[in-house]
Amino acid sequence: MAKAPVLTPQAEDFPRWYQDVLAKAELADNGPVRGTMVIRPYGYSLWERMQAEMDARIKEAGAENAYFPLFIPESYLTREAEHVEGFSPELAVVTHAGGKELEEPVVVRPTSETVIGEFMAKWVNSHRDLPLLLNQWANVVRWELRTRIFLRTSEFLWQEGHTAHASEADASAYAHRILLDVYRDFMVNVLAMPVLVGRKTRQERFAGATNTLACEAMMGDGKALQMGTSHELGQNFAKVFDISFQDSAGAQQTAWTTSWGTSTRMMGGLIMCHGDDRGLRIPPRLASTQVVVLAIRDEGGVVDAVRRLGDELRSAGVRVKVDDRTDTSFGRRATDWELKGVPVRVEVGPRDLAAGEVTIVRRDTGEKRQSPIAEVAHRVEMLLQVIQDDLLAEATRRLEERTAEVATIDEAREAAATGFARIPWANLGEEGEAALAEHAVTVRCLQRADGTVPRSEDEDGVVAVVSRAY
RNA sequence: CGGGCUGUGGCGCAGUUUGGUUAGCGCGCUUGACUGGGGGUCAAGAGGUCGGAGGUUCGAAUCCUCUCAGCCCGACCA
């Protein structure tokens with residue numbers, strides 16, 4: 001009776017499971033150029049949902065969308081010393097165009113601090129022009145050697161926010177606000193992923209930043225994934241690009257800038273956080289399809305009934321798909337929707353209809369329940385909420401169970417084999433950090449004991465969260 | 001940069017050591033019948049410059065030379 005599993009079981013080979021899910025759930029393919037990816041319609045529909053939810057939060061935080069060019073003069077990159085040092089190994093540079101060698105090569109943007117800095121300088125003249133809060137949705141290119149779809153690709157999609165402020169305090173507050181009110185809020189409440197927030201160590205800091213903040217999540221195999229970062233850039237870019245303004249006293253001042261980003265990497269996080277041996281499990285609030293109404297067989301008015309149910313759910317505000325492809329076997333279709341992680345299936349067959357009922361199935365637990373037809377919309381709406389909460393609770397439980405409180409570097413290394421370790425930063429330090437790196441264990445972030453973001457790494461009681469990472 | 005491995009229908013592979021007619025298999029795909037409450041069964045089909053170029057030979061997926069691409073290990077870099 002036991003059929004060959006559709007996916008490689010997670011416990012057998014997690015990376016293989018990940019690849020299987022990408023293919024079977026029709027999320028993405030490898031592109032023809034090494035390290036590139038093709039995002040398929042179902043995968044892209046999930047990304048569009050992420051964009052919509054993120055975009056609303058970004059705008060709520062006051063930033064406006066704009067668009068800057070893909071091509072950046074190479075000379076821009078070289079202006080900020082750390083920035084160019086950090087990015088030059090992975091730049092794609094265009095040296096020829098229009099059949100000729102270019103006088104000045106242009107780089108394909110790996111990130112846009114430099115072009116945006118150039119224009120901020122032009123647009124900012126007075127303290128009344130600040131804060132300047134910009135965001136763009138774009139693709140970027142970083143030539144990566146080891147690539148994995150969604151997690152690390154040479155080209156990926158993201159949003160990058162860039163802001164300029166009149167004071168360091170204002171810039172810092174905004175970078176923190178984005179981290180907490182936009183990124184963490186989205187990840188916890190929409191993706192149902194518990195994330196740790198904290199500061200990056202000097203080692204892990206963004207090239208050109210004075211401080212990098214991050215959201216880190218735990219995947220199903222206990223490894224960490226950085227889900228989003230928010231940087232305080234100090235005056236590094238403002239000085240180099242001359243983003244300056246006259247303050248209310250008439251004095252010329254240099255602005256303070258921030259940048260922050262989240263990318264299609266979150267897709268990888270979503271897959272590896274909630275996925276199980278049967279495929280994806282998409283949290284309802286994110287799902288592009290929250291419910292599929294499935295006709296088991298074309299008999300006894302089943303097809304009409306599923307269409308009516310689909311309309312009813314749609315008008316109740318549920319994102320619903322009707323599957324009446326009765327020329328494909330029920331088992332095949334049920335498995336396909338399960339692989340795609342659609343949170344709820346409403347299965348309707350002749351037996352159900354004869355009883356005036358339908359079968360409601362939860363993807364997360366596999367639990368099936370009969371429901372009177374008249375109650376479907378109500379029950380489905382309740383269930384979507386429950387599933388959302390349960391997925392978050394389950395991921396939170398795993399994070400807690402697989403996080404160890406340790407005191408020594410050896411203990412930290414041992415704990416990182418299966419999950420996260422929290423070790424006092426005073427017990428680790430940059431030397432300990434380097435020692436752990438020898439074992440592919442890195443400091444994901446520095447936190448206060450209560451999980452909040454410290455103002456500096458020198459604060460008393462700062463804890464380092466260490467683990468293996470993607 | 002050095003070492004190793006692999007290139008054969010969409011995907012995964014066998015065949016290569018020891019050259020020999022129409023290059024196989026699984027999955028997927030097409031068509032039909034029977035089916036139908038968790039990837040159905042059976043039947044009939046479609047689909048191939050064997051990575052590329054050159055060579056040896058009566059004859060090359062198979063042997064030789066060159067070349068391209070990908071993967072793994074090491075080195076380098078962080």
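Below, read A as the first sequence line, B as the second, and so on, with proteins coming before strands; counting in each chain starts at 1.
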Closest listed nucleotide, where the reference is the side chain of A:Arg345 and the choices are B:G40, B:G37, B:G38: B:G38
Sugar-phosphate, base or nothing in reach of A:Val361, heavy atoms under 4.0 Å: base
C1' atoms of B:U62 and B:G26, separation to the nearest Å: 23 Å
B:G48 and B:U31, which share atom name C1', separated by this distance in whole Å: 22 Å
Side-chain donor/acceptor of A:Thr359 to base of B:G37, under 3.5 Å: yes
side-chain N/O A:Ser329 vs B:G40 OP1/OP2, d < 4.0 Å: yes
Atom P, compared across B:C64 and B:U16: separation rounded to whole Å: 14 Å
Side chain to side chain contact (heavy atoms under 4.5 Å, CB included) between A:Phe71 and A:Val115, worked out: CA-CA 9 Å; A:Phe71 295 125; A:Val115 237; over 6 Å; no
Distance, P atom - from B:G40 to B:G20, rounded to whole angstrom: 40 Å
Check: B:G37 base within 3.5 Å donor-acceptor of A:Lys368 side chain: no
Any donor-acceptor N/O pair, A:Glu347 side chain to A:Ile360 backbone, under 3.5 Å: no
P atoms of B:G59 and B:U22, separation to the nearest Å: 15 Å
Atom pairs under 3.5 Å: protein N/O with N/O of nucleotides 69-71 of chain B:
from  : atom 1 : to      : atom 2 : distance (Å)
B:C71 : OP1    : A:Arg34 : NH1    : 2.0
B:C71 : OP1    : A:Arg34 : NH2    : 3.2

Which residue lies more 5' along RNA chain B, comparing A:Arg333 with A:Glu85 via nearest heavy atoms: A:Arg333
